[in-house]
Amino acid sequence: MLPNKPQKPKERGRLITLSILSALVCGVYALQLMNFQVVRGEEFQEKTQQMTVSRISVKAARGEITDRNGVALANNKVGYNIVFYYSFFPAESRNEIIASLIELLEASGEDWYDPLPLTVSAEPEFLENRDSDIDTLKEKLQVNGYATADDCMYQLRELFDIDESYDDLTARKIAGVRYGMVLADFSVNNNQYTFAEDVTAELVLQIKELSYQFPGVDIVDEDIRVYPDGDLAPHIVGVVGQMYAEQYYGDPENGVEGYRDKGYPMNALIGRFGIESLMEEELHGVDGVKTVEQSEDGTILSETITQEPESGNNVGLTIDARFQARIQEVMNDYIEYLRSLPDDPDGDDNGNQVVGGAAVVLDAKTGEVLAAVTAPTYDLNSYFSDYSALASREDLPMVNRAFDGLYRPGSTFKTVVAAGALTEGIITPSDTVDCHRVYTYYDYIPGNTFRPTCLGYHGTTNVMRALTVSCNIFFYDVGRRLGIDKIQEYAHLLGLGTDTGLELSNAVGGISGPDRSELLGTTWQPGNVCQTSIGQMDTAVTPLQLAIQAMTLANQGVRYRARIIKEIRSYDDSEVLESTQPEVMSEFALSDEAFEAIKTGMIGAAESVSEQYNVLGWNTSLSDLGYDVALKTGTPQVTATTFSSSAIAFAPADDADIAIGIVLERGANARNLVRPILEAYYELNGGSPANTDEEVENA
């Protein structure tokens with residue numbers, strides 16, 4: 001080890017200089033620290049005590065809802081929202097601030113959030129079809145169940161200290177906002193309340209200029225849910241809205257999880273119905289957190305994103321928006337045509353009292369819902385502002401007729417009896433029944449008066465001709481022999497009166513029989529099997545189930561699960577996170593011989609649809625398409641003098657691409673919609689199935 005060398009004078013000088021500089025720096029910091037802690041300590045402590053730190057939820061971008069081709073049915077735009085911050089919203093002047101804001105919004109033609117189930121008037125009344133909301137209001141106000149709207153308004157004025165300086169109309173408006181704040185649990189724990197959404201830039205400027213009048217009121221840029229074509233499949237897409245307190249907290253005693261347990265803030269928007277509700281947790285994403293420091297007068301000192309929001313996922317549906325729009329247009333035009341018809345001179349029901357209708361089209365090879373149209377429809381973008389008017393309309397536009405409407409199927413049900421009887425060996429394709437218009441089988445019973453009739457004299461009739469001419473006598477007799485238990489069994493196998501597997505809520509309905517009669521409080525009679533065989537009695541099915549019936553026939557007994565969710569994708573569409581696949585729900589062996597017989601009868605029914613039914617310039621014939629269509633129509637009875645109209649179809653008959661179910665409520669000739677639907681499908685999907693691959697490729 002080498003001995004230490006003596007330091008040179010130059011090096012010793014550098015060390016001394018560095019030491020002095022270090023001492024000076026430390027001294028400066030020490031003096032500054034003394035200044036902060038001792039000299040100005042009281043001043044900084046006072047400022048710290050005056051400063052408020054708030055944690056505000058940052059909304060995650062909600063995922064889009066798209067059709068099968070990526071066309072947006074629900075997406076987002078950036079808009080201006082007016083919000084209240086609890087920490088700076090003075091309790092003593094809340095009514096005054098709210099009244100002033102309402103005045104500004106009204107002058108600008110803007111809406112604000114008002115969940116109060118009372119009409120906005122000086123003498124408010126309970127809104128129609130809002131029973132659940134009215135019950136919640138009475139519970140919140142702790143009034144009796146028989147309390148009137150006046151009673152509730154009196155309690156609201158008392159609860160929110162809305163004094164006599166406000167006229168009755170203004171008081172009602174203020175009460176609506178204050179009640180919304182109660183429902184949203186606007187408090188120190190839920191610091192932000194959205195008063196109005198998507199207001200104009202002009203209004204934003206006004207509020208900012210008058211900000212000194214509105215302590216605790218701010219404008220925030222947030223994603224606003226919009227529906228690019230709001231009247232396209234609104235019953236399917238759904239809408240988002242404010243969460244109620246009971247939804248937030250849930251019902252732990254009964255095992256009902258609330259949104260609080262899922263990490264939602266109280267002021268979060270949630271899906272109300274449709275896909276928005278069904279896929280809420282996929283679409284919603286995870287909100288972030290913004291930490292805001294504010295001075296005593298509300299001045300924002302700093303804003304920091306302390307937790308980045310995570311956008312929701314996109315949900316792709318199986319429906320084709322273009323196809324949906326075309327069928328909706330066709331349906332609306334045809335309903336208007338029917339309504340324009342003069343009354344029949346003989347007093348017969350010609351369909352001009354049509355109330356509405358629905359059409360469902362499925363991919364026959366997968367069960368995917370390609371279109372599901374309900375008429376009348378409405379616009380999602382004005383759902384909340386139009387709610388009262390929509391809820392009170394007699395034609396029930398908010399009912400999803402395609403999935404939830406229950407109707408007698410009429411003679412479309414005859415294909416069920418045909419399939420069951422052929423499969424069970426009750427008949428062969430060549431077996432016949434004599435039709436002389438009146439069914440006399442039950443005449444062996446002394447005093448019998450049950451003699452159901454047919455619309456024609458069809459003579460000796462086999463199953464093919466019976467389906468073509470819709471012979472009641474044939475199906476009375478064959479259905480009686482098949483028996484009600486087997487009729488129910490095959491109806492379920494064909495998708496009627498049973499679970500469809502669809503992800504969205506849909507009605508199940510039921511098939512006539514002793515069990516259903518008991519459920520409905522009626523007595524089952526032996527002859528009821530005859531009426532059941534032609535789709536009457538207590539059988540109730542949906543247009544969706546009619547389309548499934550057509551699909552299952554086309555697949556010779558294989559019934560696929562109906563599906564409307566195609567896939568879930570990441571928000572930027574870079575990754576498919578999950579996709580659905582065809583799934584068989586049930587199957588039975590419809591033999592080639594039996595299928596050929598049913599198909600032949602249905603093709604015959606389609607060929608009877610001639611151009612004499614030209615409407616609106618349409619060619620409704622099903623005989624000149626270049627491929628066969630399998631069709632069965634029905635005219636289910638509604639009352640003694642009124643009827644609806646139904647139809648099922650699949651095409652091409654030999655190898656079906658699509659299956660169709662249609663109901664016109666109090667309408668006529670639903671079959672007239674089949675050709676426009678087929679033409680729209682093939683036009684949008686490369687042309688007629690008769691084209692060669694090369695022709696389709698060059699199309």
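Along the sequence shown, the residues carry numbers beginning at 1.
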Seminar exercise, completed: In this structure, CG of L137 is separated from CE of M153 (nearest 0.5 Å) by 10.0 Å

Exercise. Rounded to the nearest 0.5 Å, what separation is found between the CD atom of E103 and the OG atom of S108?
Worked result: 10.5 Å

For this session: Go through the steps to decide whether L544 and L362 satisfy the test side-chain contact (heavy atoms from CB on, under 4.5 Å), and finish with yes or no.
Result: CA-CA 9 Å; L544 169 64; L362 302 178; 4.3 Å; yes

Problem set entry | K173 with D168: basic N within carboxylate O range, under 4.0 Å | no

Problem set entry | E583, CD atom: more than 12 neighbouring heavy atoms under 6.0 Å | yes

Exercise. Roughly how far, to the nearest 0.5 Å, is CG of D538 from CZ of R408?
Worked result: 7.0 Å

Exercise. Hey, is R225 close enough to E197 for a salt bridge, meaning N to O under 4.0 Å?
Worked result: no

Exercise. Are the charged groups of E368 and R68 less than 4.0 angstrom apart, N to O?
Worked result: yes

Exercise. Is a side-chain donor-acceptor pair under 3.5 Å present for T170 with D167?
Worked result: yes

For this session: Take L577 and N313 through the side-chain contact (heavy atoms from CB on, under 4.5 Å) test and state the conclusion after the steps.
Result: CA-CA 9 Å; L577 305 175; N313 296 321; 3.5 Å; yes

Exercise. Do any pairs count as a ring-ring contact (aromatic ring centres under 6.0 Å, His included) and have a residue in residues 143-173, sequence neighbours left out, and if so which ones?
Worked result: none

Exercise. Is the closest side-chain donor-acceptor distance between T194 and N81 under 3.5 Å?
Worked result: no

Exercise. Between N75 and R62, do the side chains contain an N or O donor and an N or O acceptor separated by less than 3.5 Å?
Worked result: no

Problem set entry | Output field: ring centroids F273/Y383 closer than 6.0 Å | yes

For this session: Kindly write out the residues that satisfy ring-ring contact (aromatic ring centres under 6.0 Å, His included) with Y259, not counting sequence neighbours, or none if the list is empty.
Result: Y264

Exercise. So which heavy atom on A61 is nearest to which on Y571, and how close?
Worked result: CB-OH, 3.5 Å

For this session: Kindly indicate, with the supporting measurements, whether the criterion side-chain contact (heavy atoms from CB on, under 4.5 Å) is fulfilled by Y179 and T136.
Result: CA-CA 11 Å; Y179 181 64; T136 300; 3.9 Å; yes

Problem set entry | Derivation of the side-chain contact (heavy atoms from CB on, under 4.5 Å) call for L118 and E125 | CA-CA 5 Å; L118 299 174; E125 298 177 354; over 6 Å; no

Problem set entry | Electrostatic pair E280-K262, nearest N-O below 4.0 angstrom | no

Exercise. Any chance CD of Q307 has more than 12 other-residue heavy atoms, nucleotides or ligands included, within less than 6.0 Å?
Worked result: yes

For this session: Quick one: list whatever passes side-chain hydrogen bond (donor to acceptor under 3.5 Å, both in side chains) with D150, sequence neighbours left out.
Result: none

For this session: Report yes if some heavy atom in the side chain of L183 is under 4.5 Å from a heavy atom in the side chain of K140; otherwise report no.
Result: yes

For this session: Answer yes or no: is there a side-chain heavy-atom contact under 4.5 Å between R401 and V663?
Result: no

For this session: State, yes or no, whether a side-chain contact exists between Q247 and I270 at a heavy-atom distance under 4.5 Å.
Result: yes

For this session: Decide whether D379 and S382 meet the rule of one side-chain donor and one side-chain acceptor closer than 3.5 Å.
Result: no

Problem set entry | Lys/Arg N to Asp/Glu carboxylate O, D114 vs R172, below 4.0 Å | yes

Problem set entry | I564 side chain near F403 side chain, heavy-atom distance below 4.5 Å | yes

Exercise. What's the spacing between D67 CG and D320 CG if we round to 0.5 Å?
Worked result: 5.5 Å

Exercise. Taking only residues two or more places apart in sequence, or in another chain, which ones meet F186 in a ring-ring contact (aromatic ring centres under 6.0 Å, His included)?
Worked result: Y86, Y193

Exercise. Taking only residues at least two apart or on different chains, which pairs with a member in residues 514-523 satisfy side chain to side chain donor-acceptor pair (under 3.5 Å)?
Worked result: Q488-D515

Exercise. Do the side chains of M331 and I335 get nearer than 4.5 Å, heavy atoms only?
Worked result: yes

Exercise. Do the side chains of T412 and P409 get nearer than 4.5 Å, heavy atoms only?
Worked result: yes

Seminar exercise, completed: So side chain to side chain donor-acceptor pair (under 3.5 Å) across residues 500-514, not counting sequence neighbours, yields T500-N506, S512-T539

For this session: Measure the OH-CD1 distance between Y80 and I219 for me, rounded to the nearest 0.5 Å.
Result: 9.5 Å

Problem set entry | V237 to A74 - nearest heavy-atom pair and separation | CG1-CB, 4.1 Å

For this session: Inspect the surroundings of CD in E106 and state if more than 12 heavy atoms from other residues, nucleotides or ligands are less than 6.0 Å away.
Result: yes

For this session: Compare all side-chain heavy atoms of V217 with those of I82 and state whether any distance is below 4.5 angstrom.
Result: yes

Exercise. Does some side-chain heavy atom of N76 sit less than 4.5 Å from a side-chain heavy atom of V226?
Worked result: no

Exercise. Going by distance alone, is a donor N or O of one side chain under 3.5 Å from an acceptor N or O of the other, for E64 and N314?
Worked result: no

Problem set entry | Any donor-acceptor N or O pair under 3.5 Å, side chains Y249, D261 | no

Problem set entry | R559 versus S586, side-chain donor and acceptor atoms under 3.5 Å | yes

